[in-house]
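Reviewing the structure listed below.
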Amino acid sequence: MPSFATSPGTRDILAPDAPRWRLFQQTFADVVELAGFAHIIPPMFEDLGVFLRVGETTEIVTKEMYDFEDKGGRRVALRPEQTASVCRAFVEHRPVTPWKVWYAGPNFRYEKPQQGRYRQFDQVGIEVLGVDDPQLDAEVIGLAVEFYRRLGLQGVQLSVNSLGDSGDRDRYAVALRTHFSANIDALSAESRATLERNPLRVLDSKRQEDAALIAAAPKMADHLSDEAAAHFVDVQSALLSAGVGFIVDDRLVRGLDYYRRTTFEFVSTALSAAHVAIGGGGRYDGLVAELGGPDTPGIGFALGLDRTLLACDAEGVFAPPPGRVDVFVVDATGGTHAGAVCAELRAAGIGTDRAYDARSMKAQMKSADRAGARLAIIIGEDEAAAKTAIIRTMEGGSQHIVQRDALIAQVRQALHG
RNA sequence: GUGGGCGUAGCUCAGUUGGCUAGAGCGCCAGGUUGUGGUCCUGGAGGUCGCGGGUUCAAGCCCCGUCGUCCACCCCA
């Protein structure tokens, strides 16, 4: 037994998953950079206070934060998400608006691990600061939809809702509290506890016994200010004219307290209930101000890399890239020529690998096969003496002798010719 | 954090009411094929049965604890 293994909720990402991750992030970058988004790489830990803005009542803050005191006595935390960091960066650097950024990288939450739920988990996402326009809401949502399309996903459902402005949200919370308190006996014990902390989240309960009471609960739509209601109407019509399919879910309440007005969530119909939410986002118009900046609207989303890939697997799309080498050098002279041949091929930009330890030609051919090489370059004593090499096509098994100094040209022709 | 299922070879898993030296398939290595992979045949390496304690003449199997993983709740991506 090994002495060490990864900590709970963390894991090594090996091939072929690692190149798939890279392709995932690259595909995302391609989509959003085409829309004018610039890359931002925030630090993985910051002052705890930055993340407390996620919401004092959320579990992310109350029990899942990786926070600690560093050697200088600073109270810091590993980031549980990146929106708050982006807003902090906005306040710190004051870029011109609209500020459009994208990010990719790991976040940390101390949760009980499950499939599709890790303590270190990766997200990709975008944020736009400084624009209030409902057109932007639709554009941001549309970029996520476009990204899913690029991955090949079909079964992604978009739900949208408006949580109104902060005053609306507070009034709605009071209305919900009144509603549920009046029927407290019908409410599950867990939901009673949730009601204490955050009445809106009771709407998220999946328990059967709560279903009827939730269905009868007051609607957010009836508590929106005129401005928020108008904004939401405009978002919906912009989505419609952009051809983005969606459903309005007036019980969609996202877990982060900073959300205002437009909120949305993507669920995969190909996944089981536990991790159907593969992405989500919304407006957070008060967050920049809370972090000490000017009153600045903001909107963005984050997509879970792991869960999105689970959805891809469930749909059989976005297969891992092969990640192979084109040429494998088989040296039956004991390995004295392989190094030079590899260096020559690699310098010419041709992906090349070799075997070591002077293994038998049979073993080296097997390695060539396993490496997925299209060509084997075979050099034995005869070829070494004659300054030649054999080029063997792995698929089909035809081979021919070429002069050593013509090797690169011959390999190129065999690969592309 | 609560409740439950499962931890045996690198991987997927068998292992009877506790009973000789713990098995299979795949993978890996070697040979069959004295210069050639993918098929086939033969052989080989590889295990403190997650870890610790207990019961017993005897524990992979039973009991307790612990760690890990998976599922549901919770939460969320």
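Quick caveat, the model's predicted, so the values are computed rather than measured. Chain letters run A, B, ... following the sequence lines, proteins first and then strands; every chain starts at 1. No hydrogens, no waters, no symmetry mates; every other heavy atom, side chains included, goes into these values.
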Next on the checklist: Any non-hydrogen side-chain atom of Leu203(A) less than 4.5 Å from a side-chain atom of Leu176(A)?
Outcome noted: yes
All N/O donor-acceptor pairs, side-chain side in residues 39-48 of chain A, below 3.5 Å, sequence neighbours left out:
| from | atom 1 | to | atom 2 | distance (Å) |
| --- | --- | --- | --- | --- |
| Glu46(A) | OE1 | Arg88(A) | NH1 | 2.8 |
| Glu46(A) | OE2 | Ser85(A) | OG | 2.8 |
| Glu46(A) | OE2 | Arg88(A) | NH1 | 2.6 |
| Asp47(A) | OD1 | Gly49(A) | N | 2.8 |

Checklist entry - Considering only the P atoms, how many Å lie between U56(B) and C61(B), rounded to the nearest integer? => result 16 Å
Next on the checklist: Using the side chain to side chain donor-acceptor pair (under 3.5 Å) definition, which of the options Thr83(A), Asn107(A), Asp306(A) pairs with Gln123(A)?
Outcome noted: Asn107(A)
Next on the checklist: Using atom C1' in both nucleotides, what's the gap between U48(B) and G32(B) to the nearest angstrom?
Outcome noted: 37 Å
Checklist entry - How many Å lie between CG on Leu203(A) and P on C75(B), as a whole number? => result 11 Å
Checklist entry - Starting at CZ of Arg117(A) and ending at P of A72(B), how long is that distance when rounded to a whole Å? => result 10 Å
Checklist entry - Looking across every strand, which nucleic acid part, if any, lies under 4.0 Å from Gln364(A) by heavy atom: base, sugar-phosphate, or nothing? => result nothing
Item to check | Pairwise P distance for C11(B) and C28(B), with rounding to whole Å | outcome: 15 Å
Item to check | Protein-nucleotide distance (Glu265(A), atom CD; A77(B), atom P), rounded to Å | outcome: 7 Å
Checklist outcome for this item: note: Leu271(A), atom CG; C70(B), atom P; distance rounded to Å ~ 15 Å
Next on the checklist: Categorize Leu305(A) for me: base, sugar-phosphate, or nothing, with a 4.0 angstrom heavy-atom threshold over every strand shown.
Outcome noted: nothing
Item to check | Separation between the C1' atoms of G15(B) and C20(B), rounded to whole Å | outcome: 15 Å
Next on the checklist: In whole Å, measure the gap between the P atoms of A59(B) and G18(B) for me.
Outcome noted: 13 Å
Next on the checklist: When you measure from the side-chain N and O atoms of Arg307(A) to the phosphate of C75(B), is any distance below 4.0 Å, counting only OP1 and OP2?
Outcome noted: no
Item to check | Sugar-phosphate only, base, or nothing, as touched by Arg392(A) at under 4.0 Å among non-hydrogen atoms | outcome: base
Checklist entry - Glu383(A) near the nucleic acid: base, sugar-phosphate alone, or nothing, with a heavy-atom cut-off under 4.0 Å? => result base
Checklist entry - For Gly380(A), which contact category applies under a 4.0 Å heavy-atom criterion: base, sugar-phosphate, or nothing? => result base
Checklist entry - When all nucleic acid strands are considered with a 4.0 Å heavy-atom cut-off, which category describes Gly125(A): base, sugar-phosphate, or nothing? => result nothing
Checklist entry - Within this structure, what is the CG-to-C1' distance between Asn107(A) and C76(B), rounded to whole angstrom? => result 12 Å
Item to check | Cation-pi, Phe51(A) ring and Arg79(A) (6.0 angstrom, 45 degrees) | outcome: no
Checklist entry - Contact class for Thr194(A) (heavy atom, under 4.0 Å): base, sugar-phosphate, or nothing? => result sugar-phosphate
Checklist entry - Which part of the nucleic acid does Arg359(A) contact within heavy-atom distance under 4.0 Å: base, sugar-phosphate only, or nothing? => result sugar-phosphate
Next on the checklist: By the 4.0 Å heavy-atom rule, please label Ile378(A) as base, sugar-phosphate, or nothing.
Outcome noted: base
Checklist entry - How far does the C1' atom of G46(B) sit from the matching atom of U55(B), given to the nearest Å? => result 33 Å
Next on the checklist: Taking donor-acceptor contacts at under 3.5 Å, does the side chain of Gln399(A) reach the base of U36(B)?
Outcome noted: yes
Checklist entry - Pairing of RNA chain B as dot-bracket, 5' to 3': ( ) intra-strand, [ ] crossing, | other strand, . unpaired, with Watson-Crick or G-U pairs under 3.5 Å? => result (((((((..((((.....[...)))).(((((.......))))).....(((((..]....))))))))))))....
Next on the checklist: What is the separation between atom NZ on Lys112(A) and atom C1' on C73(B), rounded to the nearest whole Å?
Outcome noted: 10 Å
Next on the checklist: Distance check needed: C76(B) C1' versus Gln120(A) CD, whole Å only.
Outcome noted: 17 Å
Please produce a list of atom pairs where a protein N or O lies less than 3.5 Å from an N or O of nucleotides 31-34 of chain B.
| from | atom 1 | to | atom 2 | distance (Å) |
| --- | --- | --- | --- | --- |
| G32(B) | N7 | Lys362(A) | NZ | 3.4 |
| G32(B) | O6 | Lys362(A) | NZ | 3.3 |

Next on the checklist: Please give the distance between the C1' atoms of G68(B) and G54(B) as a whole number of Å.
Outcome noted: 22 Å
Checklist entry - Whole-Å distance between C70(B) P and Glu111(A) CD? => result 13 Å
Next on the checklist: Between the base of G38(B) and the side chain of Asp369(A), is there a donor and acceptor pair under 3.5 angstrom?
Outcome noted: no
Item to check | Check: Phe147(A) ring centroid to Phe24(A) ring centroid under 6.0 Å | outcome: yes
Checklist entry - When you look at Asn161(A) and Thr263(A), which way does the side chain to side chain donor-acceptor pair (under 3.5 Å) test go after all the steps? => result CA-CA 5 Å; Asn161(A) 192 20; Thr263(A) 59; 4.8 Å; no
Checklist entry - Under 4.0 angstrom, heavy atoms only, what part of the nucleic acid is Tyr118(A) near: base, sugar-phosphate, or nothing? => result base
Next on the checklist: Regarding Gly9(A), tell me which of base, sugar-phosphate or nothing describes its non-hydrogen contacts under 4.0 Å with the strands shown.
Outcome noted: sugar-phosphate
Checklist entry - Thinking salt bridges, do Asp369(A) and Lys366(A) make one under a 4.0 Å N-O criterion? => result no
